[in-house]
Every structure is written in C-alpha cells, then in structure tokens.
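I have placed the structure first, in the form of structure tokens, so that the comments after it can refer back to it.
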Amino acid sequence: MRVRRSIAVAVSVLALAAASACGKSGSPDAAPAGGAAAAKAPAYTVKSGVKLDSSPTWSKAKQKGKLTIGAKADQPFLGFEDLTSNTRTGFDIEIAKMVAADLGFSADQIEWKTINSSNRETAIAGGQVDLYVGTYTINDGRKQQISFGGPYYIAGQDLLVKKDNTTITGPESVSGKNVCTATGSTSAKNITKYGPKVTTYDTYSQCVDKLLNGEVDAVTTDDAILKGYGAKNAGKLKVVGKPFTSEPYGVGLGHDDQALRDAVNEALKAHEDNGDWKKAYDATLGLSGAAAPEVPPLQAY
Ligand code: GLU
C-alpha cells in the first residue's frame, strides 16, 4: 500500500493542479475546472427495521430521531464544512453517512458537530456525540476511554512545507525547525522525538496559515490531511511524501458499546463490499491526487 501511495504521490501533479482549480470558498469536492465532472459520492439506502436495543446510544438516538456525529470541518477532501452552503463534504463525511444509513438514519437525520482533535474522547465519553468520524487514529491510549469501529483507511504522518523548501525532506530533517500541528493529535506526539520546536493549535488549518505566512517551517500530520491542503495551495505548498507512521482511522464510539461497534463494522464491511467505499473515496479524497488504496481489514476494538 505504501508503495502504491508513493507512486500516487509522484503522479499527483496533474490531479493537484485540477483540484486547486476548485473555488477557494467552495466545496473542495467540486468538479475540477475544465475537466470531466468529478465522480459523485453514492447515495446510501437507509435500512429500515434496524433494532439495536442493546446499544444505549443507538436507542437514545432512535428516540430523538437523529444521530449526532462529530467531525472535522476544515480538512479538505476529508471533513470540510462549506459555511456558505452549510454543507459538509469529504471521505469521513461519506463514511459517516454510510454507517448512519445502515443504523437506520438518513443523511438529514444526522446532526453534525465540529469537534477538534483534542476534544474527541471527551465528546464521545460525555455523550456529546454518538459517533465520531474525523481522521481519528485507533490507538491503545484512546481505547482506554472509548471504542472504535474500523479501521476504514490507513494514513501515515507526513510533512507539508513551502513549495521551494529543499531542507525539510523527511522527519529526520526537522530538528530545530518550527513545526506546527494540532493539540491532542498523534502527530504532535510522534514528531517530538525528531527534535523540532513544536507549536500546536486547535486545527490544522491554523497551522497551514502559519506556514503560508512564514511563521513555521512545516506542518505535520497525516498525509491524507496534508494532501488536501497541498491541493488547495498547489502553487505554494507541497507534501514531502515520506510517511513515517501508520494511522489507522476508526469510527469513535462509546466504550464497551459492543452492539454499536459491531453494527458500525458490519456497515463498513457492507459498503466496502458493494463498492460504495471506493466510489466515495474517488469522489472525495481521491481528488487530492492519490489512487484508492486497498481497504484495510476490519478489527475488533
Ligand atoms: N490521525 C491523527 C490523530 O488522530 C492525526 C489527525 C487528527 O488529529 O485528526 O491524532
């Protein structure tokens, strides 16, 4: 998969150029200007008669008639909110919608809540959200507080730098440099051992602004996230393209809610098997330049 991704990075120039042609404030999923219409995300059939009474979260959501899902809002191609049209787009948003459909909730029965990296466990454990879908790495520390369905995608941590930067070529070259990332992320933890000066903000888009105005030398987080920012700033920024960690993305849910976790995994499997996963990828994350990787096998968390 790594090899395939590196090839995809190498051939991504054209796709990046196309993606960067999308309107600045518009949806990053808009069709590339001048090209064929972008692949459309599929519509998901809402399952009727779902009974998940042994899940307290599902039962409450069913009573309310809405499922509350936490997501990111500033990550192009993954979880992005267009404030002018009040729409959310991206691969994570599609994953959330397909899971919701199999749990018996249509897209308009989803109540979205934007939750940053550092607030995810608290939001899930405190019942502020029923599910969380937003570049959320499955790891042991988090599993103490919450559970995960998935993984549905595997990213790798990388670096985003100015287009003309030739000194930062991978994590080994960030020692003493100013590197920005998000508070509460695995990215912040992982980069420290390479010795940079780390600045953290609530969101990665704040870091991208600091990179563009020269306050930091690099932004570090998952390649999937950085490719989106790279595509939106194609003339100015570039992804280094040497992923140095493995970040399996999971759907966050309440600790020990086994019924919900099993249902989430069943939903992911069904939509991976029927081609929805691939179509959703092509219509979203695929627009940032990387061909769809293999779907990782689901696990029990
Ligand atoms: N996947 C990493 C994490 O969960 C970095 C991306 C993020 O902060 O959402 O911490």
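Order of listing sets the numbers, starting from 1, for every ligand and every atom in it.
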task: Just need the protein heavy atom nearest to atom 2 (C) of ligand 1, so name the residue and atom and give the distance.
output: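 Nearest protein contact, heavy atoms only, for atom 2 (C) of ligand 1 is T186 OG1, 3.1 Å.
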
Side chains of [Y] and [X]: any donor to acceptor distance under 3.5 Å?
| X | Y | result |
| --- | --- | --- |
| S55 | D257 | yes |
| S187 | T221 | yes |
| T186 | E247 | yes |
| S106 | D108 | yes |

message: One pair to check against salt bridge (Lys or Arg N to Asp or Glu O under 4.0 Å): K97 and E94. What are the steps and the verdict?
response: CA-CA 5 Å; K97 283 188 202 163; E94 293 305 315; 3.5 Å; yes

Of all the atoms in ligand 1, which lie at a distance below 4.0 Å from a heavy atom belonging to [X]?
| X | answer |
| --- | --- |
| S187 | 5 (C) |
| T221 | 5 (C), 6 (C) |
| Y249 | 1 (N) |
| S117 | 7 (C), 8 (O), 9 (O) |
| G134 | 9 (O) |
| S185 | 8 (O), 10 (O) |
| T135 | 1 (N), 2 (C), 3 (C), 4 (O), 6 (C), 7 (C), 9 (O) |

- request: Could you label the plane-to-plane angle of the F148 and Y136 rings as parallel, tilted or perpendicular, counting under 30° as parallel and over 60° as perpendicular?
  value: perpendicular

- prompt: Same hydrophobic cluster for Y201 and L160, using side-chain heavy-atom links shorter than 4.5 Å among ILVMFWY?
  reply: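 No, separate clusters.
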
For [X], is the nearest heavy atom under 4.0 Å from an atom of ligand 1?
| X | value |
| --- | --- |
| A182 | no |
| R142 | yes |
| I225 | yes |
| K72 | yes |

- request: Measure from NZ or CZ of K62 to the centre of the six-membered ring of F105, then state whether that distance is under 6.0 Å and the direction lies within 45° of the axis.
  value: yes

query: Which is it for D222 and ligand 1 at heavy atoms under 4.0 Å: side chain, backbone, both or neither?
result: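 For D222, the contact with ligand 1 is made by the side chain alone.
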
message: Using side-chain heavy atoms (C-beta onward) and a distance below 4.5 Å, is P293 in contact with Y281?
response: yes

